[in-house]
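Values reported hereafter were calculated over all heavy atoms of this structure, with side chains retained and with hydrogens, waters and symmetry mates removed.
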Amino acid sequence: MTRAMGAAMRRIHVGNALSAFGLGFTVPYLYVYVAQVRGLGAMTAGLVLAVFAVAALIVLPFAGRAIVRRGPLPVLLAALVTAALGALSLGLAGSAWSVLFAASALGAGQAVMQPALATMIVDCSSADTRSRAFAMQFFLQNLGLGIGGLIGGHLVDTTRVSSFTLLFAIEAAMFLLLVAVMATVRMPHSPRLEDAPASAKGSWKRLLGNRAMVQLCVLGFVLFFACYGQFESGLSAYGVEAAGISTSTLGTALAANTLMIVVAQFAVLRFVERARRTRVIALVGLIWAVAWMAAGYAGLGHGSQEMATAAFVSTYALFGLGEAMLSPTVAPLVADLAPEGLAGQYNSAFALVKQLALAVGPAVGGPLGASLHAPYIVTFVLFSLGITYLALRLGRQLTAVQDQPWSVRASRVVSRGGAAAETVGAEA
């Protein structure tokens with residue numbers, strides 16, 4: 001990594017931390033703000049949460065193309081300004097329509113930030129440093145969200161609208177501060193669509209023709225559906241209804257998840273960097289299966305309430321361990337599967353899969369977790385084992401360089417998606 005790339009990477013990490021810090025101020029309190037503080041009711045609050053997902057699903061297919069054609073930095077700056085305007089408008093909105101419009105702007109801007117920042121990390125890293133760079137990104141995101149949520153919780157007052165307006169103003173200020181920070185980044189020249197060879201050009205049709213990427217997207221959907229899609233819906237509903245978990249214990253469980261990520265992120269990195277990526281993902285599936293079994297004991301076992309609480313908190317901690325193992329594994333794999341010049345499109349496609357999982361996960365898991373306790377646990381134990389199966393199956397589609405790039409570290413060459421797909425096809 002050159003000195004210029006290192007300087008750009010430091011600013012990108014600061015950007016990740018600032019954006020997560022800003023989001024942490026408002027995300028935990030959005031439902032309460034719309035439904036109770038603004039008095040718009042549970043229906044409108046639910047629509048606001050849905051608008052975030054819908055806005056992301058609409059803009060992400062276009063974001064990938066824009067990143068490929070314009071580069072990730074201009075797209076990121078536009079997304080940040082849009083998100084800042086959305087956050088400020090949300091803090092001032094008093095009607096249902098104005099709240100929904102502001103939420104759509106904030107959701108769209110927030111969604112586009114993810115693939116833009118991921119592509120910047122790819123452009124400023126090498127095969128040797130990419131896993132560590134994405135691990136740092138995930139670490140700072142969780143740290144920023146946790147600190148932002150903690151400070152926001154002390155500032156918020158449900159009896160005063162002005163306290164929520166302050167939270168959204170702080171969030172908007174963080175986005176604008178990030179604009180100032182990122183505008184100073186000097187990105188190294190990275191391949192664009194116009195620079196790519198003719199065989200690498202194409203859009204969604206070419207992406208869908210990459211069998212390894214399609215399988216990774218399916219695997220990614222299951223990963224996000226079985227974990228993130230359950231955190232604040234099905235799993236929390238199951239904990240309250242089946243295990244008798246209090247709301248304060250839910251907060252403790254979420255804190256245990258964040259603490260595990262912060263503590264374990266760099267402890268597991270050495271292992272993750274040496275192992276095959278698909279085997280790391282397969283191991284995560286087994287760890288999450290154990291986590292769901294612990295949740296099953298919490299709600300369906302016949303132990304004491306203390307044992308049930310400990311088992312439930314350990315579920316979230318085990319999820320955090322799996323997340324720490326995935327962060328330096330999945331995102332670099334997406335980058336290494338992308339042909340020259342199309343990293344932005346591949347990052348956007350994977351972000352789109354994540355948003356789909358986060359939209360479907362609560363809709364399916366919420367009712368199951370609240371009322372059908374045993375089927376809920378069995379379903380997600382099977383999903384977790386499915387992660388292991390899909391990961392091992394994906395391993396058969398990857399070249400040795402893609403699955404374990406550090407095995408050819410001496411050559412400093414990472415096989416890209418187009419060539420790899422052709423190699424796999426030739427071997428088949």
Side-chain angles (χ1 to χ4, degrees), residues 1-24 60 63-64 66-84 109-148 171 173-192 261-262 265-266 269 272-273 323-324 326-336 338 341-348 350-351 354 414:
M1 179 185 294
T2 65
R3 181 175 298 179
M5 290 170 65
M9 184 67 77
R10 285 190 290 274
R11 285 176 170 79
I12 293 168
H13 286 324
V14 170
N16 273 304
L18 286 175
S19 63
F21 181 65
L23 289 170
L60 280 172
I67 292 171
V68 168
R69 291 193 173 278
R70 303 294 181 184
L73 184 54
V75 175
L76 175 64
L77 296 178
L80 288 169
V81 172
T82 302
Q110 179 185 341
V112 175
M113 287 180 212
Q114 299 175 25
L117 283 167
T119 304
M120 291 176 73
I121 290 176
V122 172
D123 289 346
C124 293
S125 62
S126 63
D128 292 343
T129 61
R130 193 162 294 149
S131 292
R132 192 166 293 270
F134 277 105
M136 178 62 76
Q137 178 200 34
F138 190 68
F139 172 82
L140 291 173
Q141 282 179 341
N142 280 275
L143 193 61
L145 283 170
I147 295 174
E171 181 180 28
M174 289 298 103
F175 290 140
L176 293 177
L177 177 59
L178 182 51
V179 169
V181 171
M182 300 310 292
T184 65
V185 173
R186 293 186 176 181
M187 293 293 296
H189 175 74
S190 58
R192 298 284 171 254
I261 292 170
V262 170
Q265 183 63 85
F266 295 102
L269 189 57
V272 170
E273 285 181 327
E323 292 172 73
L326 288 175
S327 61
T329 305
V330 175
L333 180 55
V334 173
D336 288 346
L342 291 179
Q345 184 133 33
Y346 275 56
N347 282 323
S348 294
F350 199 74
K354 179 179 180 179
V414 176

Measure across [X] and [Y] and return the closest heavy-atom pair with its distance rounded to 0.1 Å.
X    : Y    : value
V272 : P328 : CG1-CG, 3.7 Å
M182 : L73  : O-CD1, 3.5 Å
L76  : M120 : CD2-SD, 3.6 Å
F138 : A324 : CE2-N, 4.3 Å
A116 : P72  : O-CB, 3.5 Å

List the residues meeting ring-ring contact (aromatic ring centres under 6.0 Å, His included) with [X], not counting sequence neighbours, and say none if there are none.
X    : value
F139 : F266
F134 : none
F350 : F224

Less than 4.5 Å apart, side chain to side chain, heavy atoms only: is that true for [X] and [Y]?
X    : Y    : answer
L60  : Q114 : no
Q345 : I67  : no
S131 : T329 : no
N347 : V334 : yes

How many angstroms lie between [atom1] in [X] and [atom2] in [Y], if you round to the nearest 0.5 Å?
X    : Y    : atom1 : atom2 : answer
Y346 : T119 : OH    : OG1   : 13.0 Å
Q110 : S19  : CD    : OG    : 8.5 Å
F21  : L178 : CZ    : CG    : 13.0 Å
I261 : E323 : CD1   : CD    : 4.0 Å
R132 : L269 : CZ    : CG    : 4.0 Å

Set of side-chain contact (heavy atoms from CB on, under 4.5 Å) partners for L140, sequence neighbours left out: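 Here the qualifying residues are H13, A17, M136.
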Partners meeting side-chain contact (heavy atoms from CB on, under 4.5 Å) with T82 (sequence neighbours left out):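 Expected list: A105.
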For E171, all residues meeting side-chain hydrogen bond (donor to acceptor under 3.5 Å, both in side chains), sequence neighbours excluded: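 If we apply the side-chain hydrogen bond (donor to acceptor under 3.5 Å, both in side chains) test to E171, skipping adjacent residues, the hits are T26.
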Residue list, side-chain hydrogen bond (donor to acceptor under 3.5 Å, both in side chains) with S327, at least two apart or on another chain: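 Per chain and number, S327 pairs via side-chain hydrogen bond (donor to acceptor under 3.5 Å, both in side chains) with Q265.
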Salt bridge (charged side-chain N to carboxylate O under 4.0 Å, His left out) partners of residues 135-147, not counting sequence neighbours, each pair once: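 Listed by first then second residue: nothing to list.
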